[in-house]
Amino acid sequence: MKKNWAKNIKNVVLHPFTWIMLILLIKIIAFQIVIFDNKSFFHILIVEFPMWALFLTIFIILFKERKWLAIWLYNLGLSTLFIVVIFYTRYFSTVPSYYDVKQIYQSNSVGGTVALLGTPYDYLFFLDVAVILPLIWYFKRGDSPRSFANAKKWAIGFSCVGLITTIIAFFYPLVDVSYFAKKHGYIQSQFVQMYERSIGKAFAENEYLSDKDLAKLKGNSYVPFTEHDTYGLAKDRHVFVIQVESLQGFTIKQSIDGQEITPNLNALLKESAYFDNVYQQIGAGNTSDAEWLMHTSLYPEGMDPTVNVIDNGSEIPSLVRTLKDNGYGTATYHADDITYWSRDKLYPALGFDYIYTSEEIPNEKEIGFGPADEVLFNFVESQLPNHLNEHDKMYSNIITLTNHTPFEMPEEFKYLDLPDEYEGTYVGNYLQSVRYTDEQIGLFIKQLKKLGIYDDSLVLIYGDHSGLHGAPVTEKDYEILKEILGHGYNLQDRFVVPVIFTAPGIFHGETHSQLGGQIDLMPTLLNLLGIEHNTQMIGHNLFQYKHNLLGMRYYLPGGSFISDNTLYTAPSAKHPAVLYNRETMKKTKNTKNMQKRIDNTLQIMQYSDYIRKEMEEE
Ligand code: GP9
Ligand code: MN
């Protein structure tokens, strides 16, 4: 009896089916570690492995007499697929679905970069196909094909486990493809995506979230909009929104050798409420996504510029329309070609009365992309009197352009006298260019005073996104930044944009450090104006609420969040998950609240997408 038992064990261990499954398991573990940094063996064994093993077993059963060929072909296909998924993930920072892999062949964008995406280790995924499987075949090829007789039983076993994990996956919302695939299985996530595409409308049965629910998910107790302390403080004022290209928070109140980088903004703070803890939240649409966030208080799409996913001719219930409904004339100014970021579609969708772009704004004093900011502001000043004749109240939305990478300013526009070692560096150029735009904002404010409307105005100034990130920032730049900041340049330095609400007579230089995001700008502005919006906003009035929970798409992996005290970067193809203490920006231990925060963030973002899709259908 005992002997029989030992013999059985020996049979199983020596059986090629066991070896083949073991090789498959190792390959899946490697894939999961590279793609998701998933080291949970149990999760891989229960959720991932049975699915891939099921397909292999079906192959073995179907190929009957040519099982070795089936095994080899399956593994060749699987290794190729894994490599494609790995390269795609490195390029796009998200795992592809069956749909994306299909599309990739139609796009040239990745082509030239493929060589840069691989490391020699990646090719270890072909080790089984090239070496191990041929070796097993060589030593075991004499075994009768019937030695895989148990394959059918295994297929049933794998199907049962696969079915259960797939059913479970269908009970969870699919918000972030990578996050979902990691949690519920790569193949299971494909099934869920196929289903959602087939019903044509993702999130159709999304749970409705009231403003109260949203407040609660962010850790706040809800107060009706009209009962906030700031409600109507700036009622009937003219509104100027100045979205400053690439302006980062650390430049405010910062000096180099006694010279302020933003002397004009710093002076303006005396009549402002300054928020120094507001995060950028743009996706792939950069500047245009910041415009989207400002005018809708909804999350951007993420992997695509949001303007690309809204329908042509759609009328978005935006800040612009709400202001219009409340007696404002509305104008937008940006000195670039209107087709850049499809603003020819975005601006009518948002509902502006007057749209001024490179067609109208003179192409003078060109720096980088287009006319220098002083030309833009001069143009705004030239239009204002006409607008004020036509409308009692004006909303002017001004998008600056000069402070754009590579930040190279002509000598005559360099107002800072920087230390020699800054000369020619990316950071040095950036500071000069920020200083230039700061000067132009200062002059514009002077003009508002001259026009006699400054005291009746509410001016909101904020940055669209970081300027210092990615490949152009060299080691030397990081050293300079460390010198300026007093600490190593971190994600918070990169992602925090300044937010300044200037309202003479109302604000007197207060600084607010509660957490905010660009999604909160619109509700904060509307609250000051005492105007309610007629569709739901995802953000909240920054003056009212002390707690927040923010998501960030594209520049952080799906499932990341920013909370009052922590910043969580979800695992990506490149980096494992990290939870930072935002006060120190040091890594901190995962707290038991972390999963709850991930879930709440995703729920909020998913709901935001649902609102966006709903309003397009109306
Ligand atoms: C393009 C300008 C810059 O019109 O707004 O856009 P960015 O490169 O920052 O997205
Ligand atoms: Mn920009």
Side-chain angles (χ1 to χ4, degrees), residues 238-247 264 285-292 294-295 305 307 318-320 323-324 328-391 394-410 412-413 433-448 450-451 453-454 457 459-465 467:
H238 300 295
V239 177
F240 293 92
V241 167
I242 307 177
Q243 179 178 297
V244 184
E245 177 60 43
S246 304
L247 185 65
N264 292 281
N286 284 345
T287 306
S288 64
D289 275 349
E291 295 178 57
W292 170 264
M294 175 70 230
H295 290 93
V307 61
S318 64
L319 170 70
V320 186
L323 290 180
K324 229 151 80 166
Y328 280 84
T330 60
T332 187
Y333 303 83
H334 185 50
D336 198 10
D337 192 302
I338 190 155
T339 57
Y340 202 106
W341 292 131
S342 306
R343 289 180 173 107
D344 46 343
K345 179 170 150 194
L346 180 66
Y347 290 157
L350 294 176
F352 283 104
D353 296 321
Y354 309 99
I355 298 171
Y356 303 107
T357 57
S358 60
E359 288 275 298
E360 295 80 15
I361 302 168
N363 193 17
E364 292 161 5
K365 299 191 187 172
E366 215 178 311
I367 305 177
F369 261 73
D373 285 346
E374 60 195 77
V375 180
L376 165 78
F377 283 116
N378 286 341
F379 182 81
V380 180
E381 288 153 26
S382 72
Q383 297 305 307
L384 267 174
N386 305 336
H387 293 166
L388 295 170
N389 269 342
E390 297 277 322
H391 307 273
M394 258 322 277
Y395 165 43
S396 310
N397 177 52
I398 306 161
I399 314 288
T400 77
L401 185 59
T402 303
N403 186 39
H404 193 281
T405 179
F407 311 112
E408 279 160 12
M409 300 299 291
E412 70 265 32
F413 294 135
S433 142
V434 169
R435 174 67 188 85
Y436 168 80
T437 295
D438 168 82
E439 186 69 20
Q440 303 318 315
I441 296 173
L443 290 172
F444 180 65
I445 298 291
K446 264 196 190 141
Q447 281 304 318
L448 294 185
K450 254 195 188 157
L451 279 170
I453 58 169
Y454 177 68
S457 296
V459 185
L460 164 58
I461 302 168
Y462 65 94
D464 66 346
H465 53 72

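Along the sequence shown, residues are numbered consecutively beginning with 1. Values in this document were obtained by computation on a predicted structure and should not be read as measured data.
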Candidate pair T437 and L247, rule side-chain contact (heavy atoms from CB on, under 4.5 Å), full reasoning: CA-CA 9 Å; T437 295; L247 185 65; over 6 Å; no
Quick one: are [X] and [Y] in side-chain contact, heavy atoms under 4.5 Å?
X    : Y    : result
I445 : N264 : no
V375 : P362 : yes
I242 : F444 : yes
P371 : L376 : no
H295 : L346 : no
F377 : I398 : yes

Identify the two heavy atoms, one from [X] and one from [Y], that lie closest to each other, and give their separation to 0.1 Å.
X    : Y    : result
G285 : S288 : O-OG, 2.6 Å
A372 : I367 : CB-CD1, 3.7 Å
S433 : F407 : OG-CD2, 3.7 Å
Q440 : D373 : CG-CB, 4.1 Å
H238 : M394 : ND1-N, 3.1 Å
T287 : E245 : OG1-OE1, 3.1 Å

Backbone N/O of [Y] and side chain of [X]: donor-acceptor pair under 3.5 Å:
X    : Y    : value
Y436 : E374 : yes
K345 : V307 : yes
S246 : N403 : yes
S318 : V320 : yes

Check L460, D464, L350, D289 against M294 for a side-chain contact (heavy atoms from CB on, under 4.5 Å) and give me the one that passes.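 Running side-chain contact (heavy atoms from CB on, under 4.5 Å) over L460, D464, L350, D289 with M294 returns exactly one hit, L460.
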Between [atom1] of [X] and [atom2] of [Y], what distance do you get to the nearest 0.5 Å?
X    : Y    : atom1 : atom2 : value
T332 : F352 : OG1   : CZ    : 4.0 Å
S396 : H387 : OG    : NE2   : 7.0 Å
L401 : S358 : CG    : OG    : 10.0 Å
Q383 : N378 : CD    : CG    : 11.5 Å

For [X], what residues pass the salt bridge (charged side-chain N to carboxylate O under 4.0 Å, His left out) criterion, not counting sequence neighbours?
X    : value
E291 : R343
D438 : R435
D353 : K324

Would Y333 and E360 count as having a side-chain donor-acceptor pair, cut-off 3.5 Å?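 Looking only at side-chain atoms, E360 and Y333 do not form any donor-acceptor pair under 3.5 Å.
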Evaluate the ring planes of Y356 and Y354, with Trp represented by its six-membered ring, and classify them as parallel (under 30°), tilted (30 to 60°) or perpendicular (over 60°).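 Parallel, since the angle between the ring planes stays under 30°.
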Yes or no on ring pair (Phe, Tyr, Trp, His ring centres under 6.0 Å) for F369 and H334, after CA distance, side-chain angles and deciding distance? CA-CA 11 Å; F369 261 73; H334 185 50; 8.2 Å; no
Other residues, nucleotides and ligands only: do more than 12 of their heavy atoms fall within 6.0 Å of CD on E359? no
Apply side-chain contact (heavy atoms from CB on, under 4.5 Å) to I355 and T357, showing your working. CA-CA 7 Å; I355 298 171; T357 57; 4.3 Å; yes
Can you check side-chain contact (heavy atoms from CB on, under 4.5 Å) on L448 and L384, steps first, answer last? CA-CA 9 Å; L448 294 185; L384 267 174; 3.9 Å; yes
